[in-house]
Amino acid sequence: MQIRILLFIASFITWILLRWSFEAQNIVIGIAVSVLVSLMTAGIFEKKTGLLKRPWRYLWLFYYFPLFAWECFKANLEGAYRVIHPDLPIRPGIVKVKTTLKSDTGLTFLANTLTLVPGTMTVDIDRDGGFLYVHWMNVESPEIDRATVLIVERFEKVLRRIFA
Amino acid sequence: MNEIIGYIFLGLGLLFDFIGCLGLIRFPDIYNRLHSSIKCVTLGTSSILLGLFLFKGFTPGGIKALLCIAFLLLTAPVSAHVLSRSAHKSGVKLWKGSVCDKYAEDKN
């Protein structure tokens, strides 16, 4: 039931943002569609989410998003430098890194963040062992511990507080 | 004032999109090409949409642009991940200058 209510709220907010008009007919149709969507898709999601436990941890998202935006911008400058440089200074390779995050949401956030920041792209996740396989555009060290420090740590510190 | 900042974001976005497409041509294998196309194009398109929002303000068009940024940030990395994983699984080799491939080592 809890997941249905959360889904309803999320889809209703999306509807309101899409339409951005507050007439009665719009809102009635929005409620109808959101109820339909939340009933139809609730089976896809996990039953026990634990989303509402310790809600203040979501305040860390306000720290996480500026950090992410800044890293993303730096990543693009670095990527642009590598593209424009006449010699293409790249040393690509797939390295393995460790992670201590366990929850699905946390792992998804981490993998998506790694894909969008400096020279790294997540290829696969080994959830039981807690490993990520990351394609790195400029491999500084193929060792698992050093690569973990260089790639994952910055974001994992923050994500562990949010999705521990 | 908003329009000037909007123009700056538009120009920046176009520049990054162009660099992303350039990388798509210049890089040697699929994994490096995905790097350039996913990262540069995500930031470039987000910044074009942000510029659009600054032009339009809080109107239906402007809010839709913001919503598009959110969905782009959610979906673009997932598609990159699926493309690279399926390429590796179906046996696409890394570029010959690659340093290491732990994924292939662990699979065998």
Side-chain angles (χ1 to χ4, degrees), chain A residues 13-21 65 68-69 72-86 88 90-97 108-109 111-126 129 131-144 147, chain B residues 12 15-16 18-32 34-36 38-44 46-47 58-64 66-67 70-71 73-81 83-89 94-95 97-107:
Chain A
I13 288 175
T14 312
W15 171 271
I16 288 291
L17 289 178
L18 259 179
R19 300 294 306 167
W20 202 248
S21 81
F65 281 127
F68 167 70
C72 188
F73 184 68
K74 272 201 311 194
N76 278 281
L77 288 186
E78 196 193 319
Y81 164 73
R82 285 185 204 288
V83 171
I84 294 171
H85 196 286
L88 280 183
I90 52 173
R91 293 176 73 228
I94 296 180
V95 296
K96 189 178 176 184
V97 293
T108 313
F109 253 80
N112 280 3
T113 308
L114 287 185
T115 303
L116 287 176
V117 294
T120 53
M121 181 173 71
T122 316
V123 178
D124 204 354
I125 295 181
D126 177 2
F131 295 116
L132 294 166
Y133 296 96
V134 175
H135 186 266
W136 201 356
M137 206 187 236
N138 185 31
V139 177
E140 286 167 40
S141 159
E143 298 301 319
I144 177 165
Chain B
L12 213 63
L15 183 70
F16 275 123
F18 172 72
I19 290 172
C21 296
L22 197 66
L24 195 64
I25 299 168
R26 289 201 66 198
F27 280 138
D29 68 350
I30 176 173
Y31 306 99
N32 288 304
L34 273 175
H35 269 290
S36 109
I38 292 299
K39 273 190 271 281
C40 289
V41 171
T42 303
L43 188 83
S46 298
S47 123
F58 285 91
T59 58
I63 298 290
K64 278 196 192 72
L66 284 187
L67 208 59
F71 281 120
L73 283 180
L74 282 177
T75 52
V78 178
S79 66
H81 158 67
L83 279 171
S84 60
R85 183 165 178 265
S86 53
H88 203 286
K89 289 221 183 242
L94 269 72
W95 179 49
S98 298
V99 182
C100 57
D101 188 354
K102 301 276 184 199
Y103 191 38
E105 285 169 25
D106 281 9
K107 246 189 333 192

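For clarity, every value in this text was computed on a predicted model and none was experimentally measured. Naming: A, B, ... by sequence-line order, numbering from 1 per chain. Basis for what follows: all heavy atoms, side chains included, without hydrogens, waters or symmetry-related copies.
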Report summary line: Counting heavy-atom pairs under 4.5 angstrom with chain A, the leader among B:Lys64, B:Arg26, B:His88, B:Lys89 is B:Arg26
Report task. Mind ranking A:Asp126, A:Thr113, A:Asp124 by heavy-atom pairs under 4.5 Å with chain B and telling me who comes out on top? Result -> A:Asp124
Requested in this report: Could you look at B:Thr59 and say if it's the side chain, the backbone, both or neither that has a heavy atom under 4.5 Å from chain A?
Outcome: backbone
Report summary line: Answer key: most heavy-atom pairs under 4.5 Å with chain B among A:Val95, A:Ile90, A:Thr122 is A:Ile90
**Report entry** A:Thr14 portion near chain B, given a 4.5 angstrom heavy-atom threshold
**Finding:** both
Query raised in the report: Roughly how far, to the nearest 0.5 Å, is the OG atom of B:Ser36 from the CG atom of A:Asn76?
Result: 10.0 Å
**Report entry** For chain B, the option from A:Arg19, A:Arg82, A:Arg91, A:Met137 that forms the most heavy-atom pairs under 4.5 Å
**Finding:** A:Met137
Report summary line: For B:Cys40 and B:Ile19 the tightest heavy-atom approach is SG-CG2, 4.4 Å
Query raised in the report: Relative to chain A, which of B:Asn32, B:Leu94, B:Leu22 shows the most heavy atom pairs under 4.5 Å?
Result: B:Asn32
Query raised in the report: Hey, which of A:Ile94, A:Leu17, A:Leu18 has the most heavy atom pairs under 4.5 Å with chain B?
Result: A:Ile94
Report summary line: When the 4.5 angstrom heavy-atom criterion is applied to B:Leu67 and chain A, the contacting part is side chain
Query - Per-residue contact mode, B:Leu66 against chain A (heavy atom under 4.5 angstrom) - result: neither
Query raised in the report: Just how far is it from atom CH2 of A:Trp20 to atom CD1 of B:Ile63, taken to the nearest 0.5 Å?
Result: 4.0 Å
Query - Toward chain A, the part of B:His81 with a non-hydrogen atom under 4.5 Å - result: both
Query raised in the report: Which value, rounded to the nearest 0.5 Å, describes the distance between B:Ile30 atom CD1 and B:Ser86 atom OG?
Result: 7.0 Å
Requested in this report: Report the C-alpha separation of B:Phe27 and A:Val83 in whole Å, then their side-chain angles, then the decisive distance to 0.1 Å, and conclude whether the side chain to side chain contact (heavy atoms under 4.5 Å, CB included) test is met.
Outcome: CA-CA 8 Å; B:Phe27 280 138; A:Val83 171; 3.8 Å; yes
Query raised in the report: Where is the tightest heavy-atom contact between B:Ile38 and B:Ala80, given as atom of each residue plus distance?
Result: CG1-CB, 3.4 Å
Query - All ring pair (Phe, Tyr, Trp, His ring centres under 6.0 Å) counterparts of B:Tyr31, not counting sequence neighbours - result: A:His135
Report summary line: Residue set satisfying ring pair (Phe, Tyr, Trp, His ring centres under 6.0 Å) with B:Phe71, at least two apart, ordered chain then number -> none
